[in-house]
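One structure is given below, encoded as structure tokens.
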2 protein chains.
Amino acid sequence: MEAVAEQVFVALADPTRRTILSALASGGPATATDLATRLPITRQAIAKHLNLLTETGLVTAEPGERRRVRYRLHSAPMQVAQQYLAALARDWDGHFDALRKHLEG
Amino acid sequence: MEAVAEQVFVALADPTRRTILSALASGGPATATDLATRLPITRQAIAKHLNLLTETGLVTAEPGERRRVRYRLHSAPMQVAQQYLAALARDWDGHFDALRKHLEG
DNA sequence: CACTATTGCAACCGTTCGGTTGCGTCAAGC
DNA sequence: GCTTGACGCAACCGAACGGTTGCAATAGTG
């Protein structure tokens, strides 16, 4: 689980990657060349980001007609990251309180 | 809010940084040199990470006795990131459903 | 068949990043 | 007053990163 969360953090840490994800969210599934027309960077750069996003599971690649490859959003890994964040915050505060109680007792 | 979330993602994307945070969570507030005895890296490397963590707000630096500087965890920014993740997931699925309904209607 | 459009792969480039080494500085104890 | 710890700053290094350029392969169209 931590591995998935780390990958999600790495993926979401980059602004360009978030822009790509946002474009996919607002415009629906699209191809790399399609995204290249909307964003100010090269298709290959977008392809690299899409590969990374596919490896983290935030996006799935499905082959379409005429050699085109459409990328679709997948929110499952993000929920894992969300759970990880919640557990981490709980762990922090919990241990802190426990430690204070232990020192006070 | 997105800026805070991005900083949290960047901070949590690095394994060493997560180790430092974990050490602070389990052992309570500590100084850079104290952490350097527990981790296999230099004090300066830890100091750099602590600076970054301080800038994101995940950690607060409080001066102690004899020129020592203790670092204490702060979970507030993580909750912001958590909220951001939740909103993002909601946005993804929501827009996807809305688009499908629009195309079907 | 020739042409166009789309994808994938590889090399390259400048910048950032994680980490180390070295040095100057400032507080406390003998 | 001198030594001892602990901190901060700056330079340096190798690796990874974001991005571009160039090229080969492949699927449709005239």
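First the proteins, then the strands, lettered A, B, ... as listed; each starts at 1. These figures come from a predicted structure and were not determined experimentally.
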Can you tell me if the side-chain N/O atoms of [X] get under 4.0 Å from OP1 or OP2 in [N]?
| X | N | value |
| --- | --- | --- |
| A/Thr31 | C/dT7 | yes |
| B/His49 | C/dC17 | no |
| B/Arg43 | C/dT20 | no |
| B/Thr33 | D/dG5 | no |
| B/Arg68 | D/dA6 | yes |

What is the separation between atom [atom1] on [X] and atom [atom2] on [N], rounded to the nearest whole Å?
| X | N | atom1 | atom2 | result |
| --- | --- | --- | --- | --- |
| A/Asn51 | C/dA10 | CG | C1' | 14 Å |
| A/Ile41 | D/dT20 | CD1 | C1' | 11 Å |
| A/Arg66 | C/dT4 | CZ | P | 13 Å |
| A/Leu12 | D/dG18 | CG | P | 13 Å |
| B/Gln44 | D/dC9 | CD | C1' | 10 Å |
| B/Glu55 | C/dC17 | CD | P | 11 Å |
| A/Asp14 | D/dC17 | CG | P | 11 Å |
| A/Leu39 | D/dG19 | CG | P | 10 Å |

* Asked: Starting at the 5' end of DNA chain C and moving along, which residue's nearest nucleotide shows up first, A/Ala47 or B/Val10?
  -> A/Ala47

* Asked: Per the side chain to side chain contact (heavy atoms under 4.5 Å, CB included) rule, which among B/Glu6, B/Met78, B/Gln7 passes with B/Thr56?
  -> B/Gln7

Would you mind reporting whether [Y] and [X] have side-chain heavy atoms less than 4.5 Å apart?
| X | Y | result |
| --- | --- | --- |
| A/Arg72 | A/Leu24 | no |
| A/Leu12 | B/Leu85 | yes |
| A/Thr54 | A/Thr60 | no |

* Measure distances between side-chain N and O atoms of B/Lys48 and base N and O atoms of C/dG19, and say whether any donor-acceptor pair falls under 3.5 Å. => yes

* Looking at D/dG28, does its base get a donor-acceptor pair with the side chain of A/Glu65 below 3.5 Å? -> no

* Structure fact -> Looking only at D/dA11, C/dC26, D/dG19, the nucleotide nearest the B/Arg67 side chain is C/dC26

* Selected nucleotide, minimal atom distance to B/Arg17 side chain, candidates C/dG18, C/dT20, D/dG18 -> C/dG18

* Do B/Arg18 and B/Asp14 sit within salt-bridge range, that is, some charged N less than 4.0 Å from a carboxylate O? -> no

* Asked: Looking across every strand, which nucleic acid part, if any, lies under 4.0 Å from A/Thr42 by heavy atom: base, sugar-phosphate, or nothing?
  -> base

